[in-house]
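Worksheet: one structure, shown below.
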Amino acid sequence: MPEQPAQPGTEQQSAVRVGSGAVAITTATVLPIFLLGALSVQVGAELGFDPAALGLIVSAYFGVSALVSLPVGKLVEKLGSRRTSRIALVGAAISMLLIAALARSYAAVVGIVLLGAWTNVMGQLSTNLTLARAMPARRLGLSFGVKQACVPLATLLAGLAVPAVGLTVGWRWAYVIAAGMALGALAVAPRGSGPEERSAARKADRATGALAVVGIAAGLGAASSTGLSIFLVASAVDQGVAPGLAGLVLTLGSVVAVVMRMLHGWLADRRAGGHVAVVAGSLLLGAAGVVLLAVPGSVALVVGTVLGFGLGWSWPGLLQFAVVRLNPSAPAAATAIVQVGVYAGGCLGPVGFGLLATGISFAAAWIVAAVAMLIAGIGVLVGRRMLLRHRDAARARDLPAGVPAGR
């Protein structure tokens, strides 16, 4: 793939600066919700809420994220990634400081967390725009893979905050320190792009219908995958697996997911196309792994987890990369359309899985999750066909009369 020229409003900077800055922004802006999950025992003990109440907060957080994704995407395109990435970091820091200072009840926690949900959305979309505009084309796939792999990094940092801060000086100081980290990320944030004028023709080139189909499919995949990460240990223990082994298997799955996200990106830079098809294949094979989680036994648990995590939840970075490649004129707005589905899946997936597991069984919940992931893979293939048709139609419009469009 040939190198792309620098986009308007984007200053030249090293790939390392762009990539490391994107990782810092993504990690810092997703920390508020992950910290709440990691410190839920300490926060819940002080403020008087249980794990079920925590689940409602997380679901509502992703629900709000889905609602604000499209308007935030338009704002990022309008203002540019240079400004919006810094707004996201400051917003995340303020949100965490407010939790540390003002969270004196469950209602206060809910209000502050939901009011700050936009910071994660803006952080994600601003880094997408920065990578699309400033990252060399030969490294773009890997950069998206690394960016999405840093989400588990935020989980790791949140987990470390429990023994290091939460159990020593108190959970509120963990939020203060995390707020400092978010403000510190301003120093390494890439310069990014400035505001860019958008013409009506370029807006029309976004293939909104096709992206909506891909977003719905991604939402189904995300719904299944969030159930995998949240309920795997509880399901394994319910089947008779020792809690320690179940925890180790979850750790294994997380490591595999991180490696596969980066591997997907690395391989994408070495392919001429077919990235959306790889996403679909990952979902279809991941569904086979999720089915195995309904089967009792340690072997089925390990194999199902490796396939479910390693393939079924390895595709977010690759999908964002593919959407950016197919929509270079408006990468933030285009990925925002897909992210609506992903956030909606994160909102509804845990609730639906929990209801099925409680009302019927974990085995039934895993089978339904596998079917959802299977449908997601098929839906991505349908969306891919629509995207290719849109691309070919756009090429045909741009060619002089009498010149074949080709494929």
Look at the side chain of [X] and the backbone N and O of [Y], then say whether any donor-acceptor pair between them is shorter than 3.5 Å.
X      : Y      : value
Thr358 : Gly354 : yes
Tyr175 : Ala93  : no
Arg82  : Leu79  : no
Ser225 : Ala222 : no
Gln239 : Ser298 : no
Ser224 : Ala369 : yes
Arg270 : Trp266 : yes
Ser95  : Ala92  : no

Quiz item: So, is the end of the Arg261 side chain (NZ or CZ) under 6.0 Å from the ring centre of Trp313 and within 45° of the ring's axis?
Solution: yes
Quiz item: Do the rings of Phe353 and Phe362 sit parallel, tilted or perpendicular, given the 30° and 60° boundaries?
Solution: tilted
Self-check item: Residue list, side-chain hydrogen bond (donor to acceptor under 3.5 Å, both in side chains) with Trp171, at least two apart or on another chain
Solution: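 Testing Trp171 for side-chain hydrogen bond (donor to acceptor under 3.5 Å, both in side chains), a comparison that skips the adjacent residues, returns Glu46.
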Quiz item: What are the two closest non-hydrogen atoms of Val290 and Ala370, and how far apart are they?
Solution: CG1-N, 3.7 Å
Exercise. Work out which heavy atom in Trp118 is nearest to a heavy atom in Ala88; give both atom names and the distance.
Key: CZ3-CA, 4.4 Å
Please report, to 0.1 Å, the donor-acceptor pairs under 3.5 Å made by any side chain of residues 334-343, with sequence neighbours excluded.
residue, atom, partner, partner atom, Å
Thr335, OG1, Asn128, ND2, 3.3
Thr335, OG1, Pro331, O, 2.8
Thr335, OG1, Ala332, O, 3.1
Gln339, OE1, Gln320, NE2, 3.3

Quiz prompt | Residues Ser81 and Thr130: side-chain donor-acceptor under 3.5 angstrom | solution =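 Ser81 vs Thr130: donor-acceptor pair found between side chains.
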Quiz item: Side chains of Val30 and Gln124: does their closest heavy-atom pair fall under 4.5 Å?
Solution: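 Contact flag for Val30/Gln124 side chains = no.
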